[in-house]
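Notes to accompany the following structure.
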Amino acid sequence: FDFARFLSNLGYIMYHTDPALANLVILQPADYLVGPVTCIIRDFKEHQGGLHEVLRKKHPADWKELTHRGVLTRRLLAQLWQGYQNHTELEHLLVKLGLLVPLLGDESDELVYLVPAILPEAKPRPAQQRKRAPTFFLLFGPRDEVKTWKKQSSISTPTLEQQGFMPQGLWAQLLGCTVSACNTDFGWKYQDMELASNEATLVLGKHPGEHH
């Protein structure tokens, strides 16, 4: 396996030394991953009918969670991947790549996954409708624009809308890591989080007066 690790470091194959993946050597990573990944990361409004229609009727609650909240149950995942093998290894690999984020709910709940890349976009809300909590913003924009922003004491929302942008891949990775920490390290249930493709409301750490 030292040679497999060497080839993986060169980018010829995909191999990971994690115990759950140590026996899996992927010779053609793109071919191996594209099919299973596109079963769960896609625009479900554009791809309807066939298996999706069957699953929507067979598991309506699970299907709604996936298409409205980006939360995937393992029961539904098994159905979506019925044409593929090595489900356990695939799950571990997609978790390692940050495409799936394990979530824990109530003690009676089964393990489910957050799929950050398919979260719906949040609709704009007036400031008074937002939860009162410390807030921070991550600003992204072209280098020249960022230099200009640094010289200003404040930046208006219209300016950000015109000059800034949202790097979707980076946001999905950041959100996934943050949600995982809140869920596993601090015990916050994903049902209590407000997650979207363009914003998130969640709690970092433990706060006085709040129950865990």
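Nothing here was measured: the structure is a model prediction, and the numbers come from that model. FYI, the numbering just counts along the sequence from 1.
Between Val112 and Leu72, the closest side-chain pair of non-hydrogen atoms is not below 4.5 Å. Annotation: side chain of Glu65 is not in contact with side chain of His59 (no heavy-atom distance under 4.5 Å). Counting heavy atoms from C-beta on, the side chains of Leu33 and Leu97 come closer than 4.5 Å. No side-chain heavy atom of Tyr12 sits under 4.5 Å from any side-chain heavy atom of Leu27. Between Gln79 and Asp62, the closest side-chain pair of non-hydrogen atoms is not below 4.5 Å. The side-chain heavy atoms of Leu195 and Leu175, taken from C-beta on, include a pair separated by under 4.5 Å. In this structure, Tyr113 and Val101 have side chains that are not in contact, with every pair of non-hydrogen atoms separated by 4.5 Å or more. Side-chain atoms of Leu66 and Val71, non-hydrogen and from C-beta on, never get closer than 4.5 Å to each other.
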**Study point:** Verdict with supporting geometry, Val95 and His92, side chain to side chain contact (heavy atoms under 4.5 Å, CB included)
**Key:** CA-CA 5 Å; Val95 168; His92 283 289; 5.7 Å; no

Exercise for review: Before giving the answer on side chain to side chain contact (heavy atoms under 4.5 Å, CB included), spell out for Leu93 and Met14 the whole-Å C-alpha distance, their side-chain angles and the decisive distance to 0.1 Å.
Suggested key: CA-CA 10 Å; Leu93 184 56; Met14 180 180 288; 3.9 Å; yes

Practice item. Please report the C-alpha distance between Trp149 and Thr159 in whole Å, then the side-chain angles of each, then the deciding distance to 0.1 Å, and finally whether the side chain to side chain contact (heavy atoms under 4.5 Å, CB included) criterion is met. Key: CA-CA 10 Å; Trp149 295 348; Thr159 297; 4.0 Å; yes

Practice item. Could you walk me through whether Leu80 and Ile40 pass side chain to side chain contact (heavy atoms under 4.5 Å, CB included), step by step? Key: CA-CA 8 Å; Leu80 288 168; Ile40 56 179; 3.8 Å; yes

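Within 6.0 Å of the CD atom in Gln85, the count of heavy atoms belonging to other residues, nucleotides or ligands does not exceed 12. Applying the 6.0 Å contact sphere to CD of Gln28 captures no more than 12 heavy atoms from other residues, nucleotides or ligands.
Rounded to the nearest 0.5 angstrom, Ile26 CD1 and His16 NE2 are separated by 6.5 Å. Atoms CD1 and CZ, from Ile118 and Arg69 in turn, are 12.5 Å apart once rounded to the nearest 0.5 Å. Within the model, atoms CG of Leu103 and CG of Leu114 stand 5.0 Å from one another, a figure rounded to the nearest 0.5 Å. Rounding to the nearest 0.5 Å gives a distance of 9.5 Å between OG1 of Thr67 and CG of Leu76. Interatomic distance, CG of Leu119 versus CH2 of Trp171, reported as 9.5 Å (0.5 Å rounding). Atom CD1 of Ile13 and atom CZ of Phe3 lie 8.0 Å apart (nearest 0.5 Å).
Using modelled atom types, no side-chain atom of Asp18 and backbone atom of Ala20 make a donor-acceptor pair closer than 3.5 Å. For the pair Thr178 (side chain) and Leu174 (backbone), a donor-acceptor distance under 3.5 Å is present. A distance-only check finds no donor-acceptor pair linking the side chain of Asn183 to the backbone of Val179 [under 3.5 Å]. Of the possible polar contacts, none joining the Arg56 side chain to the His52 backbone as a donor-acceptor pair under 3.5 Å is found.
Here Trp63 and His68 keep their ring centres 6.0 angstrom or further from each other.
A perpendicular orientation is assigned to the rings of Trp81 and His87, their planes being inclined by more than 60° (bins at 30° and 60°).
Both Ile41 and Leu51 belong to a common hydrophobic cluster when Ile, Leu, Val, Met, Phe, Trp and Tyr are linked at side-chain heavy-atom distances under 4.5 angstrom. When the side chains of ILVMFWY residues are joined at heavy-atom separations under 4.5 Å, either directly or via intervening members, Tyr84 and Leu55 end up in a single hydrophobic cluster. Hydrophobic clustering keeps Val34 apart from Phe44 (ILVMFWY residues linked when any side-chain heavy atoms are closer than 4.5 Å, directly or through intermediates).
Annotation for Lys57 and Glu53: closest pair CE-OE2, 3.0 Å, computed over non-hydrogen atoms. Closest approach of Ala172 to Pro116, counting heavy atoms only: O-CB, 3.5 Å.
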